[in-house]
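The figures here come from the full heavy-atom set of this structure, side chains too, leaving out hydrogens, waters and symmetry mates. Throughout, a chain's letter reflects where its sequence line sits, starting with A, and its residues are numbered from 1. Keep in mind that this is a model prediction, so the values were computed, not measured.
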2 protein chains.
Amino acid sequence: MRRRRFGNAPAGAGVVTMSDVASRAGVSAQTVSRVIGRPEMVTEETRKRVHDAIRELNYIPNEAARNLASNSSRVVAVIIPTLSSSAFSAQVKATIDTLELRGISVVIGNSEYSVLREEQIIQTLLERRPMGFILTGLHHTPRAKDLLRQSGVPVVETWDTDTAPLDCAAGFSNIAAGHDVGSLLAARGSRRIAFVGGAAHQDSRANGRFIGLAKALEEADLPPPLRIELVLPMSTQDGISGLDQVMQKAPMTDAIFFSADSLALAALLECNRRGLRVPEQLAICGFGDFDLASLVTPALTTVKIQPDVMGRTSAELLLARLDGDDKPASVILQHQLIRRGSA
Amino acid sequence: MRRRRFGNAPAGAGVVTMSDVASRAGVSAQTVSRVIGRPEMVTEETRKRVHDAIRELNYIPNEAARNLASNSSRVVAVIIPTLSSSAFSAQVKATIDTLELRGISVVIGNSEYSVLREEQIIQTLLERRPMGFILTGLHHTPRAKDLLRQSGVPVVETWDTDTAPLDCAAGFSNIAAGHDVGSLLAARGSRRIAFVGGAAHQDSRANGRFIGLAKALEEADLPPPLRIELVLPMSTQDGISGLDQVMQKAPMTDAIFFSADSLALAALLECNRRGLRVPEQLAICGFGDFDLASLVTPALTTVKIQPDVMGRTSAELLLARLDGDDKPASVILQHQLIRRGSA
DNA sequence: TTGTACGCGTTATCAT
DNA sequence: ATGATAACGCGTACAA
């Protein structure tokens, strides 16, 4: 009863197996496997015969069988808060591009800024026995950490290096970045400063930036920043809502640090529209250095963080671990304060 | 020799198998399988015992074994030109969210706007025996089409409905959208119109928009549009370069249709900076209705296309096919011309 | 360099 | 409602 067909697999898929190729080429299945996996172990002559058979039969290896037999999956799991943010999508793209060179594919999970959803996604993705996880941030549920530890999968955390990673991290210091912004605002003469960003319990990275900002203001003997917390996920329009909330609660505010350029750009454009002069009446600083940041008028002062480098580096760190490096050093990427016209 | 460990799988991963759970619960492996896959076939009593055993042993099913035995993968392959475009990432996010509800994960491929790379990615991803493919556009290499046909995998194509789909499509008419823009520009009195967008051989969707534009201008007895083709992938800054090229080749141009809002926004902001009055001296129309389109001054006239709906719909179409609908009807999503201040 | 034997962990089938 | 048995397609280990 060969050629049994179960499941919802399309007819015709996977019909041709390795042993079909083997018979056709007049070799054993094992030789076919070698031609595919370690061609150098096979004579050029037989290699050619096998390749011909593969082509003639349109053979396509079955990754599931490969995974089961080799106990290794060629899949890496990446969990980010959301794909609808240019920073995260740039990061993921770089990760995909880096891992693709090694024949590894990426499965993405969106946590929607919830550590509980993250935990659930980890559990589900663990069924695919991924070679590793790339997570966002350093904060996870205890159960999520347990799951990861027990499974023994390498983990790389991104976007934050302000506390200890589970395993290793490729990120930057949000506190230092926020501190830089605070120092700049203080130095330029702003005195009543506000912070607009994602809620602390949802976005610990934004929280880090706030902490850094607050510290810098304290060091400059300025009053602590007003903080407006936005519920995630947030839209660009929320930048305007943040601006309004600030102006309502503290009309004397003379500078706002937004935790993302999308918000800052929306607010800046709205100020232009309302005739509120930036930076004279209100200084604005963003975070992320989005494409349009340098093009608006006044150009947006912001912090550049290179999410693509983070995506590539996190993938490389994972590959290093898979290649035997038991404890690769975390990589702290440098952020860069880019001063333009808005602050 | 049980507990053999091969491959690069982390120690401890997958150590607990279904039969371990079975012994612990005092049932057969098959019953454990049923508890996981079709709980309703099992007594509440045994179900509880099995669940307890699962929890006590921290059992995590092995998806590869499941795939091999059931001949079905719970994976859908999505190929897009690039993830670094808010439209594509919004689409992919919606696809992931939709399929996740059915326990299906998504593997992403970036074609970098090359049908050859797309072909190569299709071949690689086919090894995972995906339940279906979601592709961008209707143009693929002959070999890519062969691979898909032979594998028998359902295919949904997105972003274009102007020619016949391989299987079914969830998209919109680029020609109609371009035509709407052309009609608007003609009606508002623009006479020397240019088009700036991705090169035709790389981006057949942008090409469709150009064709529609040209047709509308012809119908309005206007001269054919100047066309500036940008090499993909393009950055936001290329909007400025497109603007410059237009002004150099045809200084009398009084309207530009950009194939993406990112380009249009960059150009519009640059016009503001240069003191070129929009729309009086130069009308600008974008495509995509990005977040900031309504916030710039003047607000950007553009075409709205709802990539998230396309992502969800394409996933639903695929699910319909998997649920037995042999030939689900393609879905033509309506684009919407949004007239604002810039044209 | 190539072939043989076996096991990977699960689901499908069929029997009870 | 539950169990026994046989695949699923491939890689590993070892023999030739």
Side-chain angles (χ1 to χ4, degrees), chain A residues 1-9 13-23 25-50 53-54 57 59-74 103 126-129, chain B residues 1-9 13-23 25-50 53-54 57 59-74 103 126-129:
Chain A
M1 191 168 104
R2 192 122 166 55
R3 288 298 82 92
R4 201 167 47 127
R5 303 273 77 214
F6 301 121
N8 55 16
V15 176
V16 179
T17 74
M18 196 169 255
S19 50
D20 294 332
V21 176
S23 345
V27 298
S28 76
Q30 192 41 233
T31 300
V32 177
S33 173
R34 287 196 186 97
V35 169
I36 292 173
R38 293 113 170 254
E40 72 282 1
M41 292 182 65
V42 178
T43 325
E44 170 146 4
E45 158 64 14
T46 50
R47 205 189 309 164
K48 178 177 172 351
R49 284 227 309 285
V50 171
I54 288 178
L57 297 176
Y59 168 67
I60 296 179
N62 183 324
E63 182 73 15
R66 202 182 252 165
N67 294 171
L68 192 56
S70 69
N71 197 34
S72 159
S73 72
R74 303 214 226 175
L126 234 20
E127 300 188 355
R128 297 194 188 274
R129 303 290 188 270
Chain B
M1 191 168 107
R2 193 123 165 56
R3 288 298 82 92
R4 204 167 41 129
R5 305 271 76 215
F6 301 121
N8 56 16
V15 176
V16 180
T17 74
M18 196 169 253
S19 49
D20 294 332
V21 175
S23 342
V27 297
S28 75
Q30 191 46 236
T31 300
V32 177
S33 174
R34 288 196 185 98
V35 168
I36 292 172
R38 294 114 170 251
E40 71 282 1
M41 291 182 65
V42 177
T43 326
E44 170 146 2
E45 158 62 14
T46 48
R47 205 187 310 164
K48 178 177 172 347
R49 284 225 310 284
V50 171
I54 288 177
L57 297 176
Y59 168 67
I60 296 179
N62 183 323
E63 182 74 13
R66 202 181 251 164
N67 294 171
L68 189 57
S70 68
N71 196 34
S72 158
S73 72
R74 306 215 224 173
L126 235 20
E127 300 188 355
R128 297 193 187 275
R129 303 288 188 270

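Toward the 5' end of DNA chain D, the nearer of the two residues Ala29(B) and Leu68(B), judged by each one's closest nucleotide, is Ala29(B).
Within the structure, every side-chain polar atom (N or O) of Thr43(A) is placed at least 4.0 Å from both OP1 and OP2 of dT1(C). Of the side-chain N and O atoms in Ser28(B), one or more sit less than 4.0 angstrom from OP1 or OP2 of dG3(D). Dashed line: the shortest gap from a side-chain N or O of Thr46(B) to OP1 or OP2 of dA1(D) is not under 4.0 Å.
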Would you check, one step at a time, whether the test side-chain contact (heavy atoms from CB on, under 4.5 Å) holds for Val27(B) with Val32(B)?
CA-CA 7 Å; Val27(B) 297; Val32(B) 177; 4.0 Å; yes
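Side chain Arg34(B) to base dG3(D): a donor-acceptor pair is found below 3.5 Å. Put simply, the side chain of Glu63(B) and the base of dT10(C) share no donor and acceptor less than 3.5 Å apart.
The side chain of Thr31(A) lies closest to dG3(C) when the candidates are dT13(C), dT11(C), dG3(C). Of the candidate nucleotides dT2(D), dT10(C), dG3(D), dG3(D) has the atom nearest to the side chain of Gln30(B). Ranking dT2(D), dG9(D), dA12(C) by closeness to the Ser70(B) side chain, first place goes to dA12(C). Nearest to the side chain of Arg66(A), among dC10(D), dT10(C), dT2(D), sits dC10(D).
Smallest separation of non-hydrogen atoms from Gly103(B) and Arg128(A): O-NH2, 4.4 Å.
The backbone N or O of Val35(B) sits nowhere less than 3.5 Å from a side-chain atom of Arg47(B) that would complete a donor-acceptor pair. At least one donor-acceptor pair closer than 3.5 Å links the side chain of Ser28(A) to the backbone N or O of Thr31(A).
Atom CG in Asn62(B) sits about 8 Å away from atom C1' in dT10(C), given to the nearest Å. For Arg49(B) and dG3(D), the CZ to C1' distance is 14 Å, given to the nearest whole Å. If you take CZ of Arg74(B) and C1' of dT10(C), they are 11 Å apart, rounded to a whole angstrom.
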